[in-house]
Each structure stands twice: as structure tokens, then as C-alpha cells.
Engineer: 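Structure provided below as C-alpha cells; questions to follow.
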Amino acid sequence: MLHHLVRLESAILVHTDNSDQNPFDGVKPSMDFFGGAFKGTWQWWLGGAWGACIVASAFIVIFSLIHLRHINSEDNPQKKSKGRNKVIGAFVTAGALVLVPTLFAGMIFFANAGKA
């Protein structure tokens, strides 16, 4: 058992000598090998799906607010709590659909600005 650990430790020490060399230096993800038409198509579909999700979440927010308005006229606190939770979930979903891509784009922007 001990000789396996010694070999593992020596293998780790051998591989850490080249730690300053990055084998992926200059490698960037690219969809260009599929062709220009594919690049435009997948961006169009991704944008369309994102837009459809935003529209669907807006409808869910509107319908959950209408549902909450009808529930508030009743005297059932459990239904009111469930309706309130549905509205909160709908707003969180709509906010995430808008904020997450924006935050992701901001992280990419600042990561690229640090390289310049």
C-alpha cells in the first residue's frame, strides 16, 4: 500500500514541474466548423426560445396575479398563502430569465477586459 502512495506522490511531483505551461493556451470555443449558416441558425433559435420563455413567464405572472386577486376575496388563509407563493415564484422566474443572461454577459465582458 505504501509503495503505491510513494509512486503517486512522485508522479504528482513530476507533473507539477510544467505547471506554468497551459496546454489549452489559444484554444477558444467556436461553432464555425459547422459553417456560417449553422451559427446564425442556432443563435436565432436560442434567442427565439429565450424570448418565448420571457413571454410565457410574463403570462404566468399576470395569471398568478389574477388568481391571487380572486383568492383574496375568500376567507381561506391556506389558499391565500399558496396564491402568494405562486406569485413570488412567477416573479422569481421572470427575473431569473432576464437577469441570468445579463449577469453571464457581464462576467464574459469583465473576463475579456481583464485579458486586454
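Bear in mind that the values here come from a model prediction, so they are computed numbers and not experimental data.
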Engineer: Linking I/L/V/M/F/W/Y whenever any side-chain heavy atoms sit under 4.5 Å apart, do Phe63 and Val55 land together?
Structural biologist: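 Same cluster.
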Engineer: Would you mind reporting whether Leu65 and Val87 have side-chain heavy atoms less than 4.5 Å apart?
Structural biologist: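 Of all side-chain heavy-atom pairs linking Leu65 with Val87, at least one is under 4.5 Å.
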Engineer: Could you grab the distance from atom NE2 of His67 to atom CD1 of Ile71, nearest 0.5 Å is fine?
Structural biologist: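 It comes to 3.0 Å.
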Engineer: Are any of the side-chain heavy atoms of Lys80 and Asn72 separated by less than 4.5 Å?
Structural biologist: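 Counting from C-beta outward, Lys80 and Asn72 do come under 4.5 Å.
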Engineer: Is it the case that the side chain of Ser81 and the backbone of Pro77 share a donor-acceptor pair, with hydrogens and angles ignored and the cut-off at 3.5 Å?
Structural biologist: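 No; judged by distance alone, with no hydrogens or angles, the pair does not exist.
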Engineer: Counting only heavy atoms from other residues, nucleotides and ligands, does the tally under 6.0 Å from CD of Glu74 exceed 12?
Structural biologist: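 Yes, because the 6.0 Å sphere around CD of Glu74 holds more than 12 heavy atoms from other groups.
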Engineer: If I compare all heavy atoms of Thr93 with all of Ser57, which pair ends up nearest, and what's the gap?
Structural biologist: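 The pair with the smallest heavy-atom distance is CG2-CB, 4.5 Å.
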Engineer: Working to the nearest 0.5 angstrom, can you tell me the gap between Lys86 NZ and Lys79 NZ?
Structural biologist: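 Between atom NZ of Lys86 and atom NZ of Lys79 there are 10.5 Å.
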Engineer: Considering non-hydrogen atoms only, spot the tightest contact between Leu68 and Gly83 and give its length.
Structural biologist: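 Of all heavy-atom pairs spanning Leu68 and Gly83, the closest is CD1-C, 3.6 Å.
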Engineer: Is a side-chain donor or acceptor of Trp50 paired with a backbone partner of Leu97 at a separation under 3.5 angstrom?
Structural biologist: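 Checked: pair present.
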Engineer: For the residue pair Pro101 and Ala96, what are the closest heavy atoms and their distance?
Structural biologist: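 Scanning both residues completely, I find the closest heavy atoms to be CD-O, 3.8 Å.
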Engineer: Could you give the distance from CH2 (Trp42) to CG (Leu46), rounded to the nearest 0.5 Å?
Structural biologist: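 Taking CH2 in Trp42 and CG in Leu46, the distance rounds to 6.0 Å.
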